[in-house]
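Here the structure is laid out as structure tokens; the discussion comes afterwards.
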Protein chains: 2
Amino acid sequence: MSVKGLGELERSIMDILWAQNTPLTAREVGRLIEERDLAPTTVMTVLDRLTRKGFLDRTRDGRAWRYQPAESRDNYVAELMLEALDMTGDRSAALTRFAQAVSGPEAEILLRALSELEEE
Amino acid sequence: MSVKGLGELERSIMDILWAQNTPLTAREVGRLIEERDLAPTTVMTVLDRLTRKGFLDRTRDGRAWRYQPAESRDNYVAELMLEALDMTGDRSAALTRFAQAVSGPEAEILLRALSELEEE
DNA sequence: ATCCCAGCTCGACAGCCTGTAGTACTACGC
DNA sequence: GCGTAGTACTACAGGCTGTCGAGCTGGGAT
């Protein structure tokens with residue numbers, strides 16, 4: 001699954017679906033994006049594209065499709081981070097920089113997660 | 001400095017400049033991308049765009065410009081990673097995922113960098 | 001049977017970004 | 001003065017995203 005950037009609308013829609021724990025239909029998604037006054041087909045098109053890109057899975061529900069994220073947002077974010085990391089020639093330097101850049105409490109979280117890994 | 005994605009050629013050029021410790025002129029950069037047979041103006045255009053996007057700084061050298069990265073590659077990568085992290089609602093979950101995803105030796109590096117931070 | 005409607009699928013088009021380059025202007029060395 | 005390196009400006013095609021409209025289809029209401 002190549003992690004590529006998403007457009008703004010695509011991301012809004014992913015956010016909606018990530019926030020949900022049930023698969024939604026296009027109509028339902030559209031209702032949740034009310035701020036923007038989008039044509040129903042717009043939403044459908046984007047859902048379709050996201051599916052083709054592998055970000056969503058869909059299953060039939062009568063005539064309608066129900067969409068749900070193929071992956072959790074956390075996984076997606078972690079993949080993005082790894083992909084960024086891949087871009088460098090010197091991974092350890094980048095990791096070190098990254099470590100320096102995360103703020104205190106988050107450094108804690110990272111440390112704890114890493115420590116747990118060690119123990120296994 | 002908004003961290004945006006770079007195109008392929010843009011990235012190649014950044015890679016060249018990141019690999020160098022001296023600012024280069026467009027001509028010099030062009031010579032280093034020989035694999036591709038690019039017109040000199042192509043290189044100049046891209047250098048110009050990268051400068052406007054804030055990825056490069058340039059200073060005069062006679063009539064020519066000398067370009068150099070505004071930021072180290074490691075910083076750039078770290079920023080990309082942080083930006084990815086910003087995209088999530090639950091940063092700690094994403095961080096935990098990330099920690100689980102980095103491979104052993106790299107987890108070591110991270111751990112060490114983080115520990116050093118703690119000590120200060 | 002028919003007609004309407006929800007939903008879908010396809011196709012379109014504009015705007016922005018990137019790759020790629022040509023043209024035209026401008027100093028500096030000879 | 002002229003040629004040349006180097007710049008700045010302009011351009012254009014292709015891909016991606018936002019945004020829809022048109023047209024097809026299956027079921028339920030009449």
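Numbers restart at 1 for each chain; the letters A, B, ... are given by sequence-line order, proteins then strands. Side chains are part of it too, since the values below use all heavy atoms of this structure and drop only hydrogens, waters and symmetry mates.
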Seminar exercise, completed: The contact string for nucleotides 20-30 of chain D, one letter per nucleotide 5' to 3', using protein heavy atoms under 4.0 Å with B, S and - for base, sugar-phosphate only and none, comes out as BBB--------

Exercise. Under a single-linkage definition using a 4.5 Å side-chain heavy-atom cutoff for Ile, Leu, Val, Met, Phe, Trp and Tyr, are B:Ile13 and B:Met44 assigned to the same hydrophobic cluster?
Worked result: no

Exercise. Which nucleotide span of DNA chain C, 5' end to 3' end, has atoms closer than 4.0 Å to non-hydrogen atoms of chain A?
Worked result: C:dG7 to C:dA12

Exercise. Taking atom C1' of D:dG18 as reference, at what distance in whole Å does atom CG of A:Asp48 sit?
Worked result: 14 Å

Exercise. At under 4.0 Å between heavy atoms, what does A:Arg58 touch on the DNA or RNA strands: base, sugar-phosphate, or nothing?
Worked result: sugar-phosphate

Problem set entry | Separation between CZ of A:Arg52 and CG of A:Leu47, rounded to the nearest 0.5 Å | 11.5 Å

Suppose we screen for side-chain contact (heavy atoms from CB on, under 4.5 Å). Which residues come up paired with [X], at least two apart in sequence or across chains?
{"X": "A:Thr41", "value": "A:Ala39"}
{"X": "A:Ala78", "value": "B:Arg97, B:Phe98"}
{"X": "B:Leu32", "value": "B:Ile16, B:Gln20, B:Leu24"}

Exercise. What salt bridge (Lys or Arg N to Asp or Glu O under 4.0 Å) pairs are there with at least one residue in residues 16-33 of chain B, not counting sequence neighbours?
Worked result: B:Glu28-B:Arg66

For this session: Could you tell me whether the side chain of B:Asp61 and the main chain of B:Ala64 form a donor-acceptor pair under 3.5 Å?
Result: no

For this session: For the pair B:Ser72 (side chain) and B:Asn75 (backbone), establish whether a donor and an acceptor sit closer than 3.5 Å, ignoring hydrogens and angles.
Result: yes

Exercise. Taking for each residue the nucleotide of DNA chain C with the nearest heavy atom, is it B:Val46 or A:Thr25 whose nucleotide lies nearer the 5' end?
Worked result: A:Thr25

Exercise. Between A:Lys53 and D:dC16, is there a side-chain N or O to OP1/OP2 distance below 4.0 Å?
Worked result: no

